[in-house]
**Q** 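Once you've had a glance at the structure underneath, I'll fire off some questions.
The first residue of the sequence shown is numbered 1, and numbering continues consecutively from there. Just so we're clear, the structure is a prediction, and the values are computed from it rather than from any experiment.
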Amino acid sequence: MRQYYKNAYAEYRIEAGILFLYYTTRCLSLHIATKVVQDRLRFQIDTPYPIYCDVREIIDSTKEARDYLLQEGSVLTLAIAFHIDRGLSESMLKFYLLHREPHIATQFFYEKDPAVAFLKKYREPKQ
């Protein structure tokens, strides 16, 4: 299994049983959201992971992209920790948290270490 993958919009890395997803795009469209989720699912090879999702680069997103991520973005996800900046990414995330799948533990953080600590308790036992 690959431990690292990169496309035009995001970087993916698996480390210590956690999938790290770093968005590298400034604007999130439906096309980009679809590509990121499809590539993540291929990268995971049908294995669920807790996901560290760094969205600090995103400054704008379309309603279609947000709706798609609400519906399809949590497939094979054990928990999600969003790393955000105060401001725009925080407001977008608050919307997401209000409408997300309630069975998936989700929190947002302003620093990486607490986000990773949150995700560690959701790793698969074999990790």
Side-chain angles (χ1 to χ4, degrees):
M1 173 192 254
R2 287 187 292 186
Q3 298 299 304
Y4 178 81
Y5 176 74
K6 180 179 181 179
N7 65 26
Y9 314 111
E11 295 180 24
Y12 313 77
R13 178 172 44 93
I14 296 173
E15 185 178 302
I18 297 171
L19 190 149
F20 292 82
L21 169 59
Y22 297 86
Y23 278 91
T24 57
T25 186
R26 304 288 281 166
C27 298
L28 189 62
S29 66
L30 176 59
H31 168 76
I32 292 170
T34 302
K35 176 70 172 157
V36 168
V37 170
Q38 288 173 345
D39 283 1
R40 177 180 63 78
L41 293 174
R42 273 194 292 276
F43 181 65
Q44 287 182 240
I45 312 172
D46 294 326
T47 303
Y49 285 96
I51 298 178
Y52 167 88
C53 188
D54 188 332
V55 296
R56 292 175 296 164
E57 287 295 317
I58 299 173
I59 59 170
D60 193 19
S61 64
T62 65
K63 181 181 183 327
E64 294 81 13
R66 292 188 305 269
D67 289 346
Y68 175 81
L69 290 174
L70 280 170
Q71 307 230 338
E72 306 296 328
S74 59
V75 174
L76 290 178
T77 300
L78 298 174
I80 305 172
F82 288 100
H83 189 170
I84 64 169
D85 281 333
R86 296 188 192 278
L88 187 59
S89 62
E90 183 177 25
S91 1
M92 287 190 294
L93 233 354
K94 285 182 179 177
F95 171 83
Y96 176 85
L97 291 174
L98 288 173
H99 298 89
R100 76 186 190 295
E101 291 289 328
H103 66 279
I104 297 172
T106 307
Q107 288 190 19
F108 62 88
F109 299 87
Y110 300 109
E111 295 177 11
K112 183 178 180 179
D113 290 343
V116 173
F118 164 76
L119 292 172
K120 283 182 179 179
K121 61 186 165 211
Y122 296 98
R123 292 182 294 189
E124 292 286 301
K126 62 182 176 285
Q127 303 295 326

**Q** Mind checking side chain to side chain donor-acceptor pair (under 3.5 Å) for E15 and listing every partner two or more places apart, or none if nothing turns up?
**A**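 E15: side chain to side chain donor-acceptor pair (under 3.5 Å) contacts with R13.
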**Q** Ignoring hydrogens, what is the shortest heavy-atom contact between Y23 and C53? Give both atom names and the distance.
**A**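 Shortest heavy-atom separation between Y23 and C53 comes out as CE1-SG, 3.6 Å.
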**Q** For T34 and Y68, what are the C-alpha separation, side-chain angles and deciding distance, and is it a side chain to side chain contact (heavy atoms under 4.5 Å, CB included)?
**A** CA-CA 7 Å; T34 302; Y68 175 81; 3.9 Å; yes
**Q** Going only through I, L, V, M, F, W and Y residues with side-chain contacts under 4.5 Å, is there a path from L41 to I104?
**A**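 Yes: a chain of side-chain contacts under 4.5 Å links L41 to I104.
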**Q** Could you work out, with ring-ring contact (aromatic ring centres under 6.0 Å, His included) as the rule, every residue matching Y5, not counting sequence neighbours?
**A**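 By the ring-ring contact (aromatic ring centres under 6.0 Å, His included) rule, Y5 matches Y12.
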**Q** Indicate yes or no for a side-chain donor-acceptor contact from T24 to the backbone of Y9 under 3.5 Å, with no hydrogens or angles considered.
**A**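 Flag set: sc T24 to bb Y9 pair under 3.5 Å.
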**Q** With sequence neighbours excluded, what pairs up with K6 under the salt bridge (Lys or Arg N to Asp or Glu O under 4.0 Å) test?
**A**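 Listed in chain order: E11.
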**Q** Applying side chain to side chain contact (heavy atoms under 4.5 Å, CB included), run through V37 and V75 and close with a yes or a no.
**A** CA-CA 9 Å; V37 170; V75 174; 5.8 Å; no
**Q** So which pairs with a foot in residues 24-33 pass salt bridge (Lys or Arg N to Asp or Glu O under 4.0 Å), sequence neighbours left out?
**A**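 Counting only pairs at least two positions apart or across chains, the salt bridge (Lys or Arg N to Asp or Glu O under 4.0 Å) contacts touching residues 24-33 are R26-E57.
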**Q** Should V36 and L21 be marked as a side chain to side chain contact (heavy atoms under 4.5 Å, CB included) after you check the CA-CA gap, both sets of side-chain angles, and the distance that decides it?
**A** CA-CA 9 Å; V36 168; L21 169 59; 4.1 Å; yes
**Q** Please give me the minimum heavy-atom distance between A105 and Y122, naming the atom from each residue.
**A**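 So the minimum-distance heavy-atom pair works out to CB-OH, 3.3 Å.
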**Q** Main chain of L76, side chain of Q44: is a donor-acceptor contact present, judged purely on distance under 3.5 Å?
**A**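 Yes, because the side chain of Q44 sits within donor-acceptor range (under 3.5 Å) of the backbone of L76.
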**Q** What pairs with Y22 under ring-ring contact (aromatic ring centres under 6.0 Å, His included), at least two apart in sequence or on another chain?
**A**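 With sequence neighbours excluded, Y22 shows a ring-ring contact (aromatic ring centres under 6.0 Å, His included) to Y52, given in chain and number order.
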**Q** Do H83 side-chain atoms and Y110 backbone N/O form a donor-acceptor pair below 3.5 Å?
**A**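 Indeed, once roles are kept as given, a pair shorter than 3.5 Å links the two residues.
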**Q** So if I apply the side chain to side chain contact (heavy atoms under 4.5 Å, CB included) rule between I32 and each of T25, I58, N7, which one comes out positive?
**A**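 The side chain to side chain contact (heavy atoms under 4.5 Å, CB included) with I32 is passed solely by T25 among T25, I58, N7.
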**Q** Under the criterion side chain to side chain contact (heavy atoms under 4.5 Å, CB included), which of I51, L19, T106 is the partner of T77?
**A**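 Result for side chain to side chain contact (heavy atoms under 4.5 Å, CB included) with T77: I51.
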**Q** D60 versus L28: any side-chain heavy-atom pair under 4.5 Å?
**A**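 Heavy-atom side-chain distance check fails, nothing below 4.5 Å.
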**Q** List for me each residue that meets salt bridge (Lys or Arg N to Asp or Glu O under 4.0 Å) alongside E72, sequence neighbours excluded, and say none if there are none.
**A**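 In terms of salt bridge (Lys or Arg N to Asp or Glu O under 4.0 Å), with neighbours along the sequence ignored, E72 is linked to no residue.
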**Q** Applying salt bridge (Lys or Arg N to Asp or Glu O under 4.0 Å), name anything that partners E64, two or more places apart in sequence or on another chain.
**A**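 Partners of E64 under the salt bridge (Lys or Arg N to Asp or Glu O under 4.0 Å) test: none.
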**Q** Decide side chain to side chain contact (heavy atoms under 4.5 Å, CB included) for F20 and I14; before the verdict, give the C-alpha distance in whole Å, the side-chain angles of both, and the deciding distance to 0.1 Å.
**A** CA-CA 6 Å; F20 292 82; I14 296 173; over 6 Å; no
**Q** Indicate the atoms forming the closest heavy-atom contact of L30 with A65, along with that distance.
**A**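 Of all heavy-atom pairs spanning L30 and A65, the closest is N-CB, 3.7 Å.
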**Q** Can you tell me how far OG1 of T47 sits from CD of E124, rounded to the nearest 0.5 angstrom?
**A**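 Answer rounded to 0.5 Å: 8.0 Å.
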**Q** Any idea which heavy atoms bring R40 and G73 closest together, and the distance?
**A**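 That closest heavy-atom pairing would be NH2-O, 2.9 Å.
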**Q** List in chain and number order the residues that pass side-chain contact (heavy atoms from CB on, under 4.5 Å) with K121, two or more places apart in sequence or in another chain; answer none if no residue qualifies.
**A**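 Expected list: F118.
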**Q** Say you draw a straight line from CD of Q107 to CD1 of I84; how long is it, rounded to the nearest 0.5 Å?
**A**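 Q107 atom CD to I84 atom CD1 measures 11.5 Å (nearest 0.5 Å).
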**Q** What pairs with R42 under side chain to side chain donor-acceptor pair (under 3.5 Å), at least two apart in sequence or on another chain?
**A**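 Counting only residues at least two positions away or on another chain, R42 forms a side chain to side chain donor-acceptor pair (under 3.5 Å) with D39.
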**Q** Does D54 have any salt bridge (Lys or Arg N to Asp or Glu O under 4.0 Å) partners at least two apart in sequence or in another chain, and if so, which?
**A**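 Scan of D54 (salt bridge (Lys or Arg N to Asp or Glu O under 4.0 Å), adjacent residues dropped) gives R56.
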